[in-house]
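First the structure, which I've put down as structure tokens, then a few questions once you've had a look.
We name chains A, B, ... by the order of the sequence lines, and we start the count at 1 in each one.
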Protein chains: 2
Amino acid sequence: MGESNAATPRERYRAQVRTEIKEHAWEQIATAGASALSLNAIAKRMGVSGPALYRYFAGRDELITELIRDGYRSLADTLRAAAADGADLSGLAHALRGWALEDPHRYFLLYGTPVPGYHAPDDTTAISSEIMATLLDACAGLTQEAPAAPFAAHLEEHRGWAGDHPAPPAALHLAMSFWTRMHGVLSLELAGHFTGMRIDPAQLFAAELDDLLRQRSA
Amino acid sequence: MGESNAATPRERYRAQVRTEIKEHAWEQIATAGASALSLNAIAKRMGVSGPALYRYFAGRDELITELIRDGYRSLADTLRAAAADGADLSGLAHALRGWALEDPHRYFLLYGTPVPGYHAPDDTTAISSEIMATLLDACAGLTQEAPAAPFAAHLEEHRGWAGDHPAPPAALHLAMSFWTRMHGVLSLELAGHFTGMRIDPAQLFAAELDDLLRQRSA
DNA sequence: AAAGTTTCGTTAGAAGCTATCACGAAACCT
DNA sequence: AGGTTTCGTGATAGCTTCTAACGAAACTTT
């Protein structure tokens, strides 16, 4: 998961229990969502009693924060693996959608309604930058130099969100548009807003992606 | 709010208390979000004790369902008022963003992470269709007949989501794209994903809207 | 190997929440 | 004025997070 290499056997055991707790937490999140995550229920399923978990996590908020961090890590790895397999921007889009459909509640944990008691550690913004970097790698080849919209200049000015990735302004703009548009259709699909409408989310996603790729590139 | 006209004074009083409860609930939601909504806290602020509220709402879920219904009603009214004032699609976009920024937690209550114990009543889908109808009114004039993409045909097939609005397929496609794209940027902005990036959400929103309007119309 | 120290898991408890029940009191209708 | 409905209350069960105190197990040091 994350912290595996340990010096003392104590830390080794501690890390093992931590990941076991997180596994149960993910299972619970996938079932009923993050709002229904209960330390007590996790303890019960682990055959251990209530407050024992507080030796491993300061509280519910710290556990959720850790889960969010692992979630970002999982997404970043998934996208990077897809890119390594030669996926273009379209391939990344489908990798993203596949990852989201795999566990909708996990997607909402990262990109849905913010969790009240949670404040993002610097760690996650770094992983987020990593995600943006793989996006930008795929965008770099697709854009023409040409337009240079006024907003692209603003994006170039603060390119810290992409880890100072050396991409042309048009690529920055494309990556940002990719993110917001894919998130738009995906989050509405996962929330079930299309089921009542009898609309096929896959077709809508494909159409939105197609429209995004048509204007730029080619 | 909703149920104002009452026959008997009993029903009048009942309706008044219900709206008072909802007002406190909105206040609480605007402060700490829907997940922190507590019937007990509402009762305490109303100077009444605990279970008294169960005379007016069957439970937390019914209250939240009612709030969601009122939220949709509020958004539909806001957009319709803007349209009546002569707002075009761009105007509707800014009306939507203004409404969302006015109370971010309200937006997330409608379009964010789905609430576990809640199932949308038929009522809200009707209001949702009303929202789509005002969107389609603004889209009808902007589109050329031309393209007729394969996805637009699918949208035309099930046009129930727009209340069977008599708009050309291209307009249906534009309205759907408008919805998903505006939601994409808005939800990420409201969740605070841009603040860490030093990106101006207003400029991103404007750029996304501009891009949406440029390809169609003109 | 024995003693000391740290860490673990337990039970007990405070404070909060949703929700149900039974009862007295107020308001309404006849 | 009397009968019925509705309201608000306190009590109670069961759930939650989280703190505190204690015994036992495990690791470290002598």
Side-chain angles (χ1 to χ4, degrees), chain A residues 3 5-22 24-25 27-29 31-68 105 109 115-119, chain B residues 3 5-29 31-68 105 109 115-119:
Chain A
E3 56 287 81
N5 44 355
T8 87
R10 207 120 215 193
E11 290 176 358
R12 182 180 298 268
Y13 174 71
R14 190 175 170 76
Q16 181 189 335
V17 176
R18 271 177 76 98
T19 69
E20 187 180 353
I21 293 176
K22 288 199 273 185
H24 285 266
E27 193 176 330
Q28 205 166 316
I29 282 181
T31 303
S35 64
L37 195 155
S38 157
L39 287 183
N40 235 324
I42 292 176
K44 202 161 291 179
R45 272 184 195 85
M46 284 179 66
V48 83
S49 212
L53 303 189
Y54 284 82
R55 298 277 174 194
Y56 302 93
F57 292 96
R60 217 185 88 114
D61 286 359
E62 188 183 300
L63 174 57
I64 287 186
T65 298
E66 195 96 344
L67 292 175
I68 290 176
H105 288 298
L109 185 62
V115 183
Y118 156 82
H119 203 54
Chain B
E3 56 286 81
N5 45 354
T8 85
R10 206 120 213 194
E11 289 178 357
R12 181 181 299 270
Y13 174 71
R14 192 176 167 76
Q16 182 189 333
V17 175
R18 271 178 76 99
T19 69
E20 187 181 351
I21 293 175
K22 287 199 275 185
E23 282 169 13
H24 284 266
W26 278 121
E27 193 177 329
Q28 206 166 316
I29 283 181
T31 302
S35 64
L37 195 154
S38 156
L39 287 183
N40 236 325
I42 293 177
K44 202 162 289 180
R45 272 184 195 85
M46 284 179 66
V48 83
S49 210
L53 303 189
Y54 285 81
R55 298 277 174 194
Y56 302 93
F57 292 97
R60 218 186 87 116
D61 285 0
E62 188 183 300
L63 174 59
I64 287 186
T65 297
E66 195 95 343
L67 293 174
I68 290 176
H105 289 297
L109 185 62
V115 182
Y118 156 81
H119 202 56

*List in numerical order all residues of residues 57-64 of chain B for which some heavy atom is under 4.0 Å away from an atom belonging to DNA chain C.*
B:G59, B:R60
*Select from B:Y54 and A:P51 the residue whose nearest nucleotide in DNA chain C is closer to the 5' end of that strand.*
A:P51
*What are the 5'-most and 3'-most nucleotides of DNA chain C lying under 4.0 Å from any heavy atom of chain A?*
C:dT6 to C:dA12
_Side chain to side chain, A:Y118 and A:L109, heavy atoms closer than 4.5 Å_ = no
*Take atom CZ of A:R12 and atom C1' of D:dC27, then tell me their distance rounded to the nearest Å.*
15 Å
*Kindly give the heavy-atom pair with the smallest separation between A:A41 and A:Q28, and that separation in Å.*
CB-NE2, 3.9 Å
*Any side-chain heavy atom of B:L63 within less than 4.5 Å of one from B:L53?*
no
*Work out which heavy atom in A:I29 is nearest to a heavy atom in A:A34; give both atom names and the distance.*
CG1-CA, 4.0 Å
*Just to confirm, is there a sub-4.0 Å distance from OP1 or OP2 of D:dG8 to any side-chain nitrogen or oxygen of B:Y13?*
yes
*A:E11 CD to D:dT28 C1': how many Å, rounded?*
14 Å
*D:dC15 phosphate, OP1 or OP2, under 4.0 Å from A:N40 side-chain N/O*: no
_Flag side-chain contact, heavy atom, 4.5 Å: B:L37 against B:I42_ = yes
_Nearest-nucleotide pick for A:R55, side chain only, options being D:dC7, D:dC27, D:dA21_ = D:dA21
*Where B:I21 and B:F57 come nearest, the two heavy atoms and their spacing*: CG2-CE1, 3.8 Å
*asked:* If you compare every side-chain N and O of A:T8 against the phosphate oxygens of D:dC27 (OP1, OP2), does one of them come in below 4.0 Å?
replied: no
*Considering all heavy atoms, the nearest A:N40-A:G50 contact*: OD1-CA, 4.0 Å
*Without swapping roles, check the side chain of A:R18 against the backbone of A:Y56 for a donor-acceptor pair under 3.5 Å.*
yes
*Rounded to the Å, how far apart are B:I42 CD1 and D:dG8 C1'?*
17 Å
*Nearest-Å distance for atom pair CG/P, residues A:L39 and D:dC15*: 16 Å
*Write down the atom of A:A32, the atom of B:P116, and the distance for their closest heavy-atom approach.*
O-CG, 4.2 Å
_Is B:S49 close enough to D:dG8 that one of its side-chain N or O atoms is under 4.0 Å from OP1 or OP2 there?_
no
